[in-house]
Participant: 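Have a look at this one.
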Number of protein chains: 2
Amino acid sequence: MTNQSAGGPPEPRWLSDEEQGVWRAYLHATTLLEDHLDRQLQRDAGMPHVYYGLLVHLSQAPRHRLRMTELAQDAKITRSRLSHAVARLEKNGWVRREECPSDKRGQLAVLTDEGYEMLKRSAPGHVAAVRAAIFDRLAPEQVAQLGDICRTIQAGLQPEGGDLPWTR
Amino acid sequence: MTNQSAGGPPEPRWLSDEEQGVWRAYLHATTLLEDHLDRQLQRDAGMPHVYYGLLVHLSQAPRHRLRMTELAQDAKITRSRLSHAVARLEKNGWVRREECPSDKRGQLAVLTDEGYEMLKRSAPGHVAAVRAAIFDRLAPEQVAQLGDICRTIQAGLQPEGGDLPWTR
DNA sequence: AGTCAATGCTTGAACTTTCAACGAGGCAGG
DNA sequence: CCTGCCTCGTTGAAAGTTCAAGCATTGACT
């Protein structure tokens, strides 16, 4: 009898006590982890976690290069943010820009050899940090559960229909 | 035979394929969600998600007031960040600072009536967004699983021993 | 070819976060 | 009371992010 009354604005469906608890735990866990990894990488690799992720994506791409827009999509960040980030990484000598042969508007972000070396140096420490924070703490079922949960959430937020908001 | 060889540095324990997949899914889900909620709140409440969280914490505190350090701990952010944030929220008229009667160094962050009203206005929309992204998509067992997982991760990252890094 | 909307990426300004340094007050020991 | 150290919270500058606007190219339509 508490929802869906007639007159005014619909009573919002509040979170149950359990849901509130889960939401709080989620927020705390994710902010603590983000923070932790950001610090770890800032210390050991001289860049924030997002930037590191960009290098990782490039290192996994065919010739260590990716169109800007594609990289932005892969990393789930805006093109604007990527532009600034690549500018910074370029100053560090870890990434280089190249013109796209097939589209004169396009740019390719290319992982330099130096960037690749840096990645090889810092990867073990980073993996260890991720492992220590997550995979060494969770039971195998939990890892699988986390995967399913994240994939579900992700799917709900992805504008899968093709109406990409990466134009932002 | 791939780990723990004798000579050089210990071969790092890389992530298995499944672990990599889960980690990727985690990163994507959390960044998309953060992004989504940040935008939702920026649009509907004129502030980022973290700032909204501060108001929520204050609204749940005894007399709508909290010591700065305590608020920072609750929200899992640094005191410096909080200082800047409160300055901004003060400009908006949603928070006010008060001297702490028992400790002259201390400051209390107080939620103003205006801030409380703003919270009441924007809460329904925010809850709806959280619900739409998470609780309406996950099965009840998954919600429980997510809670356990997050609490485990959180516990591993909390400097529970009393060596608080909130001094930062 | 000529037009016009859409795409690819960049830019600068405003805002937020981090980092290191600081001033002020508390607290303990002499 | 004085000294030295710790905690509370703030500050300014540097770094990162967002937002809206902008230029160049492309693609479709005529």
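Protein chains get the first letters and strands the later ones, always in sequence-line order, with residue 1 at the start of each.
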Participant: Y51(B) side chain: which of dG16(D), dT17(C), dT11(D) is closest?
Facilitator: dT17(C)
Participant: Dump the pairs, protein N or O against N or O of nucleotides 1-3 of chain C, anything under 3.5 Å, distances to one decimal.
Facilitator:
none

Participant: Verify the distance criterion only: is there a donor paired with an acceptor across the side chains of Q40(B) and H126(B) at less than 3.5 Å?
Facilitator: yes
Participant: Hey, does the side chain of R81(B) come within less than 4.0 Å of dT17(C)'s phosphate (OP1/OP2), counting only N and O?
Facilitator: yes
Participant: Taking only side-chain nitrogens and oxygens of R39(B), does any of them come within less than 4.0 Å of OP1 or OP2 of dT18(D)?
Facilitator: no
Participant: Under the 3.5 Å rule, do the base of dT11(C) and the side chain of S80(A) count as making a donor-acceptor pair?
Facilitator: yes
Participant: If you measure from OH on Y52(A) to CG on L37(A), what distance do you get to the nearest 0.5 Å?
Facilitator: 10.5 Å
Participant: Do R96(A) and E98(A) meet the salt-bridge criterion of a basic N to acidic O distance under 4.0 Å?
Facilitator: yes
Participant: What is the distance from CG of L89(A) to C1' of dT10(C), rounded to the nearest Å?
Facilitator: 16 Å
Participant: Tell me: CG of D38(A) to C1' of dT17(D), nearest whole Å?
Facilitator: 13 Å
Participant: Side chain of H84(A) only, heavy atoms from C-beta on: which candidate in dT25(D), dC19(D), dG26(C) is closest?
Facilitator: dC19(D)
Participant: Tell me the interatomic distance from Q42(A), atom CD, to dT17(C), atom C1', rounded to whole angstroms.
Facilitator: 12 Å
Participant: Please tell me which of the listed nucleotides, dT11(D), dT11(C), dT10(C), lies nearest to the side chain of R79(A)?
Facilitator: dT10(C)
Participant: Does a side-chain N-to-carboxylate-O contact under 4.0 Å join R13(A) and D136(B)?
Facilitator: yes
Participant: Of the nucleotides dG8(C), dT10(C), dT18(C), which has the atom closest to the R67(A) side chain?
Facilitator: dG8(C)
Participant: Separation of K104(B) atom NZ from dG26(C) atom P, in whole Å?
Facilitator: 6 Å
Participant: Does a salt bridge link E99(A) with K104(A), judged by any charged N lying under 4.0 Å from a carboxylate O?
Facilitator: no
Participant: Establish whether the base of dC19(C) is bridged to the side chain of T78(B) by a donor-acceptor pair shorter than 3.5 Å.
Facilitator: no
Participant: Under a 3.5 Å distance rule, please check whether E34(A) uses its side chain to pair with a backbone N or O of T31(A) as donor and acceptor.
Facilitator: no
Participant: For the pair made of CD in E99(A) and C1' in dC9(C), what is the distance, rounded to whole Å?
Facilitator: 12 Å
Participant: Between SG of C150(A) and CH2 of W23(B), what distance do you get to the nearest 0.5 Å?
Facilitator: 9.5 Å
Participant: D103(B) near the nucleic acid: base, sugar-phosphate alone, or nothing, with a heavy-atom cut-off under 4.0 Å?
Facilitator: sugar-phosphate
Participant: Specify the separation, in whole Å, of atom NZ of K76(B) and atom P of dT17(C).
Facilitator: 17 Å
Participant: Tell me whether S122(A) contacts the main-chain N or O of A45(A) through its side chain, where contact means a donor paired with an acceptor under 3.5 Å.
Facilitator: no
Participant: Closer than 4.0 Å, any side-chain N/O of R88(B) to the OP1 or OP2 of dC15(C)?
Facilitator: no
Participant: Which one, dC9(C), dT10(D), dG26(C), comes nearest to the side chain of Q107(B)?
Facilitator: dT10(D)
Participant: Starting at NZ of K91(A) and ending at C1' of dG16(D), how long is that distance when rounded to a whole Å?
Facilitator: 12 Å
Participant: Please tell me if R105(B) has a side-chain N or O lying less than 4.0 Å from either OP1 or OP2 of dT10(D).
Facilitator: no
